[in-house]
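Taking it in order: structure first as structure tokens, then the write-up.
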Amino acid sequence: MVIMRLLLGVFIGGAIGAVLGYFGKCSSGSCPLTANPLRGGIYGAVVGALLASAFSTLPNDRPTPPPEKPTPVSKTAKVPKEETEILKDSPEGSDAVHIDSESGVNAMVLKEDRSDFVESLTKDSFLQKVFNYEQNKEWKFEGKLPCIIDFYADWCGPCKMVEPILQELAQEYQGKVNIYRVDTQAQQELAAAFGIQSIPSMLFVPLNEKPQMAVGALPKKTLEKAMKDVLKID
């Protein structure tokens, strides 16, 4: 681009200088620089080259910096520390999917009927059956049976693996434990209230003790052990 400007400046300057030299030619020794076409063309080319060089770094020619990448925004809101204090000693499992990785597993979406033994909770039913965090700052379980709450999403592959296991447990331990499910996409406030960042996450809620959170696709034997150790169910 700079070379093109220089060549264009030389050409235009030389042409203008030659024209001025042609009309301003004289035979005396005190003639101006453009006294003849040759002299005018030379000086015009020099001046044109200087001007082209001076304007060769215009702001419009400077490379435009690449746009800054937007900062990813988490799909779950942050909540005050005291609301998630009950989860600070929670055990963590494996095979969990980060809740922001929806785009990578959309192909795993499967539509299937859910068992009647596993109840899906909304915010209102959660407040009534599990914990009314709008009225109580300290944990207060509202249920009459210990429960397991599965935080999941339809696009989550590991969640699909856990679902039939939870359905079996809900049927086998009917009358001893309630098993609930919370769709983290439809119930984002509930997911945020418990700091859910990876799914599946399961909240084990005993009757008289604080709950514990486990993260990952746990096998049936591990779930039964947690029911025995945490929920005190034989």
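Predicted model, so just to flag it, every value in this text is computed and none were measured.
- Counting all heavy atoms, side chain and backbone alike, I179 lies closest to A170 at CD1-N, 3.5 Å.
- Contact of the L166 side chain with the M202 side chain is registered, since non-hydrogen atoms from C-beta on lie closer than 4.5 Å.
- Taking the side chain as every heavy atom from C-beta outward, K129 and Y180 approach each other to under 4.5 Å.
- Taking both residues in full, the closest heavy atoms of W139 and E209 are given as NE1-O, 4.0 Å, listed atom of the first, atom of the second, then distance.
- Here the NZ atom belonging to K123 is positioned 3.5 Å from the CD atom belonging to E134, to the nearest 0.5 angstrom.
- Contact check for D154 versus K160: side-chain heavy atoms found under the 4.5 Å cut-off.
- From I149, atom CD1 reaches atom CG of L190 across 8.5 Å, with rounding to the nearest 0.5 Å.
- Contact between P200 and A217 at its shortest, heavy atoms only, is CG-N, 3.9 Å.
- Counting only heavy atoms from C-beta outward, the side chains of N136 and F131 approach each other to under 4.5 Å.
- Transitive grouping of hydrophobic side chains (ILVMFWY, heavy atoms separated by less than 4.5 Å) brings L231 and I165 into a common cluster.
- Minimum interatomic distance between Y173 and D234 (heavy atoms only, all atoms of both residues): CE2-O, 3.9 Å.
- Counting only heavy atoms from C-beta outward, the side chains of F194 and V182 never approach each other to under 4.5 Å.
- Taking the side chain as every heavy atom from C-beta outward, K176 and M227 never approach each other to under 4.5 Å.
- Shortest non-hydrogen contact noted between L218 and V162 is N-CG2, 4.2 Å.
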Side chain to side chain contact (heavy atoms under 4.5 Å, CB included) between V215 and F151, intermediate numbers included: CA-CA 10 Å; V215 179; F151 292 89; over 6 Å; no

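- Side-chain contact of Q171 with Q167: a donor-acceptor pair under 3.5 Å is absent, judged by distance alone.
- With a 6.0 Å radius and a threshold of 12 heavy atoms from other residues, nucleotides or ligands, K228 has its NZ atom at or below the threshold.
- Interatomic distance, I199 CD1 to D150 CG, rounded to the nearest 0.5 Å: 9.0 Å.
- A single hydrophobic cluster is seen to contain both V118 and I233, as judged by linkage of ILVMFWY side chains at heavy-atom distances under 4.5 Å, directly or through other members.
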Step-by-step side chain to side chain contact (heavy atoms under 4.5 Å, CB included) determination, V177 to L145: CA-CA 6 Å; V177 63; L145 292 176; 5.9 Å; no

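- Side-chain contact between L169 and K220 is present, with at least one heavy-atom pair separated by less than 4.5 Å.
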Verdict with supporting geometry, Q135 and K140, side chain to side chain contact (heavy atoms under 4.5 Å, CB included): CA-CA 10 Å; Q135 295 182 359; K140 180 183 177 182; over 6 Å; no

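- Between the OH atom in Y152 and the CG atom in D183 there is a gap of 4.0 Å [rounded to 0.5 Å].
- In this structure, the side chains of F141 and C147 come closer than 4.5 Å at one or more pairs of heavy atoms.
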Pair L121-Q187, side chain to side chain contact (heavy atoms under 4.5 Å, CB included): steps then yes or no: CA-CA 9 Å; L121 294 181; Q187 307 296 329; over 6 Å; no

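- Closest heavy-atom contact between P211 and P206: CA-CD, 3.9 Å.
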